[in-house]
Every structure is written in structure tokens, then in C-alpha cells.
Amino acid sequence: MTSTENTTTDERAYASMAELSAAPLWRQYGELMPAEPPSRARAHLWPYARLRPVALHFSRALSMAEAERRVLMMVNPGLTDPPATVPTLFAGIQIVMPGETARAHRHAANAFRFIIEGDGAVTTVNGEQLAMRPGDLLLTPGWHWHDHAHQGHSPMMWLDGLDYPLVNSLNAGFFELYDAPVQPVANPDEASSRQFRHGRLNPAWRAPSTDHPGVSPVGSYPWEETERALATIAEAASVAGSAAEGILLEYSNPWTGGPVLPTIACRIARLRAGFAGVPRQHTASTIYHVVSGSGSTTVGEQRLDWNDHDTFCVPGWARYAHQVASDGDATLFSYTDEPVLRALGLYREQWL
Ligand code: 1HN
């Protein structure tokens, strides 16, 4: 056979493969087996000062009847279809105005809210009513009914974190509307949070839920407690904290001591004035939200300069380091898919 005959028979064989929904691995091997993970996600920052007026515009232009939730999605420029902030996780800014409610629903995806501004709103989660105050972390774990109602006076805005990109990629996404706009309140007094809020003392008459393994029974982690913990530790000058993340605390599930949701770990860090983090990389992807302060995070060749209430992401296996200016401390809330990677034996980290 001549080489032209070879080419044409090869071409025919490639065409047959395509018709059979088969493909030659030898043409894609390097892409499928990368030496290191080449995240499609990019490091990116969403400035709150610019998102806020857009959210306020839609609080007037779009009624709650027109939107299941009035949320500005923070879409990673490398992850637009489907929209996600990092490959596994989502971040959004939700706005609810005085007098409005966001109707009750539930989804398989795990979610939480981290409150940015406003006062007087509540979220009801499986019958338990939880107050929303700036800095509070509220959990709405997968398949828990939740609705939001605002009885206060100023716009209520919060950060929504969800794992729907992961859940949908696993083809495990379910959604259901409640049969009324709001669910009845069975626990107006934050009963679960009160029982489990005492660190080393857990209610001995209760047992972890078998319906929702790996889910914290605590509905709300109020800012007052978080701030007290950060301040108490930061006061001890001898406590250096993590070389990469400063005084980094993880919100914990009181049953396990582990992450608050099976797929998402939520954390809060105080970075002292002048902090210069040691660079590192890990396979977990992280979304950060600036509670207060200013600084910058170097991710690969990029520098993200952040201020109060900005949100930014560090994709998995990106090299990153935080820096804080010398004129004040910074406080960073963050969430990560680290529990997923650890559960699957895929967590790796490297200090640089
Ligand atoms: C959702 O259901 C909520 O329940 C918030 O408040 C943000 C973002 C994407 C998809 C569903 C909520 C969401 C969401």
C-alpha cells in the first residue's frame, strides 16, 4: 500500500470511530492525563462597590414574583457554561428588600448564607427561624426547606455559597417548591443553634441525623461568637496561626469536629496588619469574601487587590499568597471543596 492509501484508509477508520461514538485516546492523552491539574477556572475578584448598585437596581426593576431568588451570580470567566465560580462551587450576592419574601423551596445542593449588610431579615430552615445579622453564617443544607423574609428597613444583602456545580456534574440535582410561599415556624427560638453552640458541650439526648450525614445540626453561627473567638486568639501575640492563612478558624460540625457541610468547609481568618503569607498550592478551590480590611492576594502571575465585602476565588492548584497592609488587620471568610477532595483521596498541597 502507498502512503496515500494509508491516509485515506486511516481517515475512513477515524470517521468510522466518530460514527460509532468512539475516539482515539492517542490524540487526547496529554489533555486527559495532565501532569498537573490545569484548572479552567481563573483567579478573579468581584468588587462589592460595583456589584452593590447593580443589585439595588434589580431590587427595584425585578419583583420577587419574577425571580425564584434575586441573585447576582459570580461567574468565573473560565467557567461560563454551566455558570460556576470555581469548578465545584458557586458564589452569588442575594438582595431582599423590606417587606419581601423569597418563597420556600429545597434542593439537593448544599447552601449557606454569609450576611453582608442589613438587619431584620430571617431565614427559616426546616421550621427553624434564624435571624440574619452581618457576619452571621447560616446553613441551609441539602434537601432542607428554606425561605427568606425581610421585616426590617434597609436592603438585606448576603453572600450565597452553594455546591450545585458539583451536585449537577454528578447528575444528582433535585429541586422542589414547598406547597405554600412560606413554611410554618416550628422553632422560633433558634433551638438547634442554642443547643449546639457551646463548643465542648453537646446535648447528650440527641444523635446525628441519619438522613443528612455530614451535616452540622447548627443553623446559625452568629458573628458575635466568631468575632470573640478571633479576637481572643489574636490577642495572644505568641499564636502565629497558619503561615499561609493567618489565624484561620473552621466553623465546625459539633458531632464530628469536621466541616459544617459534607462538601463545603467554611472558615474565617484574621490576618494581622503586615501579614505576608507563605505561598502554597493545593488541589482544593477556595472562594474568599472580605469581611473587613484590605490587602492583596497573588495568584500565579495575577494580583487581586481586595477591600471590604469583595469576593474573589483561588482555583485549585493555583499558587497563591495573601498580603495585608501594615495599617490594619483583615478578616477573610472563605469556603472550599477541601472535604470532597479529602474524602476521595485527592487532596494534595505543597508549600512553595
Ligand atoms: C438558591 O436557591 C438560593 O435558596 C440562593 O436562597 C442562591 C444560587 C443558585 C441556585 C439556587 C436560595 C442560589 C440558589
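Whatever order the structure lists ligands and atoms in, that order sets their numbers, starting from 1.
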query = For atom 9 (C) of ligand 1, what's the nearest protein heavy atom and its distance?
reply = Tyr164 CE2, 3.8 Å
inquiry  = Strictly below 4.0 Å, N to O, side chains only: are Arg12 and Glu19 in salt-bridge contact?
reply    = no
task = Kindly confirm or rule out an N or O of His105 lying under 3.5 angstrom from an N or O of ligand 1.
result = yes
remark   = Near His107 (heavy-atom distance under 4.0 Å), the atoms of ligand 1 are 1 (C), 2 (O), 4 (O)
task = May I ask you to identify, for Gln94, whether its side chain, its backbone, both or neither come under 4.0 Å of ligand 1 on a heavy-atom basis?
result = side chain
query = Short list, please: which atoms of ligand 1 are under 4.0 Å from a heavy atom of His146?
reply = 4 (O), 12 (C)
ask   = Considering the options Arg319, His322, Gln323, Arg303, which one meets the side chain to side chain donor-acceptor pair (under 3.5 Å) requirement together with Thr298?
value = Gln323
request  = Look at atom 8 (C) of ligand 1 and say which protein heavy atom is nearest, naming residue and atom and giving the distance to 0.1 Å.
outcome  = Phe90 CE2, 3.4 Å
ask   = Would a line drawn from the ring center of Tyr320 to the ring center of His282 be shorter than 6.0 Å?
value = yes
query = Which one of Phe333, Tyr251, Trp158 satisfies the ring pair (Phe, Tyr, Trp, His ring centres under 6.0 Å) criterion with Phe112?
reply = Phe333
task = Please state whether Met73 comes within less than 4.0 angstrom of ligand 1, counting heavy atoms only.
result = no
Close-contact set for ligand 1 against His148 heavy atoms, below 4.0 Å = 4 (O), 6 (O), 12 (C)
Heteroatom proximity flag, Asp160 to ligand 1, N/O under 3.5 Å = no
ask   = Which atoms of ligand 1 are found less than 4.0 Å from any heavy atom of Arg113?
value = 3 (C), 4 (O), 5 (C), 6 (O), 12 (C)
query = Please state which protein non-hydrogen atom is closest to atom 3 (C) of ligand 1 and give its distance, to 0.1 Å?
reply = Arg69 CG, 3.6 Å
query = Which of the atoms of ligand 1 are close to Val71, meaning less than 4.0 Å from one of its heavy atoms?
reply = 7 (C)
Interatomic distance, His105 atom NE2 to Thr140 atom OG1 [nearest 0.5 angstrom] = 7.5 Å
ask   = OG1/Thr226 to CG/Leu249 distance, rounded to the nearest 0.5 angstrom?
value = 8.5 Å
request  = Before giving the answer on side-chain contact (heavy atoms from CB on, under 4.5 Å), spell out for Asp147 and Tyr178 the whole-Å C-alpha distance, their side-chain angles and the decisive distance to 0.1 Å.
outcome  = CA-CA 9 Å; Asp147 50 79; Tyr178 194 73; over 6 Å; no
query = Under the 6.0 Å and 45° cation-pi test, does Arg27 pair with Tyr14?
reply = yes
inquiry  = Taking the side chain as everything from C-beta on, heavy atoms only, tell me whether Ser216 gets closer than 4.5 Å to Trp255.
reply    = no
request  = Considering heavy atoms of the protein only, find what lies nearest to atom 11 (C) of ligand 1 and give residue, atom and distance to 0.1 Å.
outcome  = Leu162 CD2, 3.9 Å
